[in-house]
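My questions will all concern the structure given below.
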Amino acid sequence: MKVLLVYPEYPNTFWSFKYALDFINKKASLPPLGLLTIASMLPEDWSLKLVDLNVSKLTDEHILWADLVIISAMSIQKDSALEIIDRCHKYNVKVAGGGPLFTVESDKFDNVDYLILGEGEITVPKFLNDLKNGDPKKVYMPDDYANMVDSPAPKWEALDDINAYASLSIQYSRGCPFNCDFCNVTSMLGNRVRTKTVKQVITELDNMYNLGWRGGVFFVDDNFIAHKKRVKNDLLPALINWMKKRKYPFEFFTQVSINLADDDEMIDLMVQAGFDTVFIGIETPNEASLNESKKYQNINRNLMDSVRKLHRKGLQVQGGFIVGFDTDPLDIFDRQIDFIQKSGIITAMVGILNAPPGTKLYERLKSENRLLDVFGGNNTDVFINFIPKIDKEKLVEGYLKIVNTIYSPKKFYERLITFLNDYNPPDYSNTKFSIKRIQAFFKSLYKLGILEKERYYYYKLLFWVTIRKFKCIPIAVYLSICGYHFRKVFEEITINYLSVSENGN
């Protein structure tokens, strides 16, 4: 059996880092972890090829070679996935689809031969068994959640070039104990937190290390600290030991909830283990909107103090923000700008509220006859799939005001200095002057320091950080490059929106 694993292309978005990747000579941010895990489940006597469209092209020869094409995709990759399916069927090659896109919108993929839905650890073996017996079914739906102990290590050797990626990835847990009504994590993965063993995680890190990887590793868990006891007592001590023995070859980053700020011991263990960045869903400084969305973990706390505490202890906070809640006041756009600027959150992913299928928000809006379309998966464009309480035009204009303000050179570099004033970097990893970082620095001097509109602010920052916080030069340069990417993305979104508006569409 010849199987072609295909990962569809991402459009240029906030998280694509398209404009930043060029500085470090990389082609994509992260590898297709799901497909690499599926690759480890396939029979050893099968011939296997993997094509990531974010790194290389899918040729007709690839498709003609295959007996079966397996596609895994997120919602935002839908257009690319549909194109791949059409190309495969043009040559009469059967297609199997899995991942969040096909799981959430399975009713819209009648043209896919096999739908392998939910967690692959459950459905892929069933599909393979039926295929072996000559009786594969159209749809495979899990009747329970997977035991993470059964999840195999990713097959990294399936990638043509591991160094095409800015970071590698690993998963420790699935599931989240919270019930935010706009999030589809719990509808897909449940509230019960399931974890791999420490041995599994260390084995996967060994595999990356032995392949020669040195750099960022993303723990893709939706909430890394969800099972606090196991993380604190088992995983983090093992990571600390592993990283110290190897002199910190990796920089870890992950997603957590804001209540991490309440646990000094957990924070310190994460920093000792090599974590330097955490993404947190802040959402909004308006408590009524947090109540509305059932984001209870963010209520009755000073969000600003929580963020700045994490910065001081060595964890850079990336923040998710949302506008468009029913209870948002008219001044929410200015309040969001004020919070982002004062908190020093450099990577602020601001989006307009949308309702993904399967969420409680989706069901509520459906019952209120306010749904308009299916969510496209892009958190940072001006698409809205429901009728908001606030005037839609005012909502979009307010949103664009936020992103174009916080990523304007003046405001961005002001915020960067706010962050650096708070930030206390650890003594390893992200403060090292590696060859890759030195190359990125010299590219930034040309691109940001000469060609682009932020040149005055960039040189002002470099002077400030050299005098005040020399140790932070690498992270200052890195975040400046990221800010350039974010500015370019939002400029494109704004231009496209204005163009559509002017044409009256």
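Side chains are part of it too, since the values below use all heavy atoms of this structure and drop only hydrogens, waters and symmetry mates.
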Side-chain donor/acceptor of Gln77 to backbone N/O of Pro8, under 3.5 Å: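 Between the backbone of Pro8 and the side chain of Gln77 there is a qualifying donor-acceptor contact (under 3.5 Å).
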
Residue pair Leu310 / Ile267: nearest heavy atoms and the distance that separates them: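 That closest heavy-atom pairing would be CD2-CD1, 3.6 Å.
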
Return yes if some donor-acceptor pair links the side-chain N/O of His62 with the main-chain N/O of Val51 below 3.5 Å, else return no.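 No, the answer is negative, given that no donor and acceptor are paired below the 3.5 Å cut-off.
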
Is a side-chain N or O of Lys49 found less than 3.5 angstrom from the main chain of Ala158, in a donor-acceptor match?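 No, the answer is negative, given that no donor and acceptor are paired below the 3.5 Å cut-off.
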
Tell me the closest heavy-atom pair linking Ala166 and Leu21, and the distance in Å.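 Here Ala166 and Leu21 meet closest at CB-CD2, 3.8 Å.
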
Check salt bridge (charged side-chain N to carboxylate O under 4.0 Å, His left out) between Lys342 and all other residues, then give those that pass, not counting sequence neighbours. Asp338

Just by distance, do the side chain of Gln341 and the backbone of Lys411 share a donor-acceptor pair under 3.5 Å? yes

Counting only heavy atoms not in Leu451 (residues, nucleotides, ligands), do more than 12 fall under 6.0 Å from its CG? yes

Can any side-chain N or O of Ser56 pair as donor or acceptor with the backbone N or O of Leu53 at less than 3.5 Å?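 No: the side chain of Ser56 does not pair with the backbone of Leu53.
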
Show me the donor-acceptor pairs within less than 3.5 Å that the side chains of residues 320-327 make with the rest of the protein, sequence neighbours left out.
{"unit_1": "Asp326", "atom_1": "OD1", "unit_2": "Arg370", "atom_2": "NH2", "d": "2.9"}
{"unit_1": "Asp326", "atom_1": "OD2", "unit_2": "Arg364", "atom_2": "NH1", "d": "3.4"}
{"unit_1": "Asp326", "atom_1": "OD2", "unit_2": "Arg370", "atom_2": "NH1", "d": "3.0"}
{"unit_1": "Thr327", "atom_1": "OG1", "unit_2": "Ala288", "atom_2": "O", "d": "3.3"}
{"unit_1": "Thr327", "atom_1": "OG1", "unit_2": "Ser289", "atom_2": "N", "d": "3.4"}
{"unit_1": "Thr327", "atom_1": "OG1", "unit_2": "Ser289", "atom_2": "OG", "d": "3.3"}
{"unit_1": "Thr327", "atom_1": "OG1", "unit_2": "Glu292", "atom_2": "OE1", "d": "2.6"}

Contacts of Lys78 that satisfy salt bridge (charged side-chain N to carboxylate O under 4.0 Å, His left out) - sequence neighbours left out: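 Checked Lys78 against salt bridge (charged side-chain N to carboxylate O under 4.0 Å, His left out); matches are Glu105.
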
How about Pro31 and Ile162: do any of their side-chain heavy atoms sit closer than 4.5 Å? no

Between Phe219 and Gln171, is any pair of side-chain heavy atoms under 4.5 Å apart?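 Phe219 vs Gln171: side chains apart.
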
Heavy-atom pair of closest approach, residues Gln336 and Pro285: OE1-CD, 3.4 Å

Whether Arg214 side chain and Tyr209 backbone form a donor-acceptor pair below 3.5 Å: yes

Given 3.5 Å as the limit, does a donor-acceptor pair link the side chain of Asn223 with the main chain of Cys176, or not? no

Donor-acceptor pair, distance only, cut-off 3.5 Å: does the side chain of Arg468 make one with the backbone of Val465? no

Side-chain donor-acceptor pairs under 3.5 Å in residues 349-360, sequence neighbours left out?
{"unit_1": "Asn354", "atom_1": "OD1", "unit_2": "Asn385", "atom_2": "N", "d": "2.8"}
{"unit_1": "Asn354", "atom_1": "ND2", "unit_2": "Ile352", "atom_2": "O", "d": "3.1"}
{"unit_1": "Asn354", "atom_1": "ND2", "unit_2": "Phe383", "atom_2": "O", "d": "2.9"}
{"unit_1": "Thr359", "atom_1": "OG1", "unit_2": "Pro356", "atom_2": "O", "d": "2.7"}
{"unit_1": "Thr359", "atom_1": "OG1", "unit_2": "Tyr362", "atom_2": "N", "d": "3.0"}

How about Phe17 and Phe23: are their ring centroids closer than 6.0 Å?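 They do not qualify: ring centres at least 6.0 Å apart.
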
Would a line drawn from the ring center of Phe275 to the ring center of Phe253 be shorter than 6.0 Å?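 That pair fails the under 6.0 Å test.
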
Do the side chains of Asn298 and Glu287 get nearer than 4.5 Å, heavy atoms only? no

Which atom pair, heavy atoms only, marks the closest approach of Tyr459 to Gly449? CE1-O, 3.0 Å

Is there a side-chain contact between Tyr407 and Arg415 (heavy atoms, below 4.5 Å)?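 When only atoms from C-beta onward are counted, Arg415 and Tyr407 do touch, with a gap below 4.5 Å.
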
Would Arg487 and Glu454 pass as an ion pair if we require N to O under 4.0 Å?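 A salt bridge is present here (some side-chain N lies under 4.0 Å from a carboxylate O).
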
Could you tell me which non-hydrogen atom of Cys472 sits nearest to which non-hydrogen atom of Leu420, and how far apart they are?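 Scanning both residues completely, I find the closest heavy atoms to be CB-CD2, 4.0 Å.
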
Just by distance, no angles: are the side chains of Arg301 and Ser306 close enough, under 3.5 Å, to form a donor-acceptor pair?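 Indeed, the side chains of Arg301 and Ser306 share at least one donor-acceptor pair under 3.5 Å.
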
Take Glu492 and Asn12 through the side-chain hydrogen bond (donor to acceptor under 3.5 Å, both in side chains) test and state the conclusion after the steps. CA-CA 10 Å; Glu492 290 178 3; Asn12 184 25; 3.3 Å; yes

A side-chain contact here means heavy atoms from C-beta on lying under 4.5 Å apart; do Leu260 and Met266 qualify?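 Yes, side chains in contact.
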
Between the side chains of Lys294 and Asp181, is the shortest nitrogen-to-carboxylate-oxygen separation below 4.0 Å, so that they form an ion pair? no

Please tell me if the side chains of Leu33 and Phe218 come closer than 4.5 Å, counting only heavy atoms from C-beta onward. no

Kindly assign one of parallel, tilted or perpendicular to the pair Tyr399 and Phe490, based on the angle between their ring planes and the thresholds 30° and 60°. perpendicular

Measure the spacing between NZ of Lys27 and CG of Asp161 and express it to the nearest 0.5 Å. 7.0 Å

Examine the side chains of Tyr165 and Asp52 and answer whether a donor and an acceptor come within less than 3.5 Å of each other.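 Side-chain D/A pair, Tyr165 to Asp52: present.
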
Whether the side chain of Ser499 engages the backbone of Asn496 through a donor-acceptor N/O pair (distance < 3.5 Å, no angle test) should be reported. no

Does this structure show an ion pair linking Asp60 with Lys90, if we count only N-O contacts that are shorter than 4.0 Å? no

Counting C-beta onward and ignoring hydrogens, is there a side-chain heavy-atom pair between Thr254 and Phe279 closer than 4.5 Å? no

Cationic N near anionic O, under 4.0 Å, Lys401 to Asp334: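 Salt bridge: yes.
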
Donor-acceptor pair, distance only, cut-off 3.5 Å: does the side chain of Asp222 make one with the backbone of Arg174? no

Not counting sequence neighbours, which residues clear side chain to side chain donor-acceptor pair (under 3.5 Å) with Thr37? List them please.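 Scan of Thr37 (side chain to side chain donor-acceptor pair (under 3.5 Å), adjacent residues dropped) gives none.
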
Taking the basic N atoms (NZ, or NE/NH1/NH2) and the acidic carboxylate oxygens, is any pair closer than 4.0 Å for Glu414 and Lys460?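 Here Glu414 does not pair with Lys460 in a salt bridge, since their nearest N and O are not under 4.0 Å apart.
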
Decide whether Ser257 and Asn259 meet the rule of one side-chain donor and one side-chain acceptor closer than 3.5 Å.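 The answer is yes; a qualifying pair exists.
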
State, to 0.1 Å, how close Asp22 and Lys443 come at their nearest heavy-atom pair, and which atoms those are. O-NZ, 2.9 Å

Is it true that atom CE of Met304 has more than 12 heavy atoms of other residues, nucleotides or ligands lying nearer than 6.0 Å?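 Enclosed.
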
Checking Lys313 now: which residues fulfil salt bridge (charged side-chain N to carboxylate O under 4.0 Å, His left out) with it, not counting sequence neighbours? Asp268

Side-chain contact test, heavy atoms from C-beta onward, threshold under 4.5 Å: evaluate it for Tyr457 versus Lys410 and give yes or no.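 Of all side-chain heavy-atom pairs linking Lys410 with Tyr457, at least one is under 4.5 Å.
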
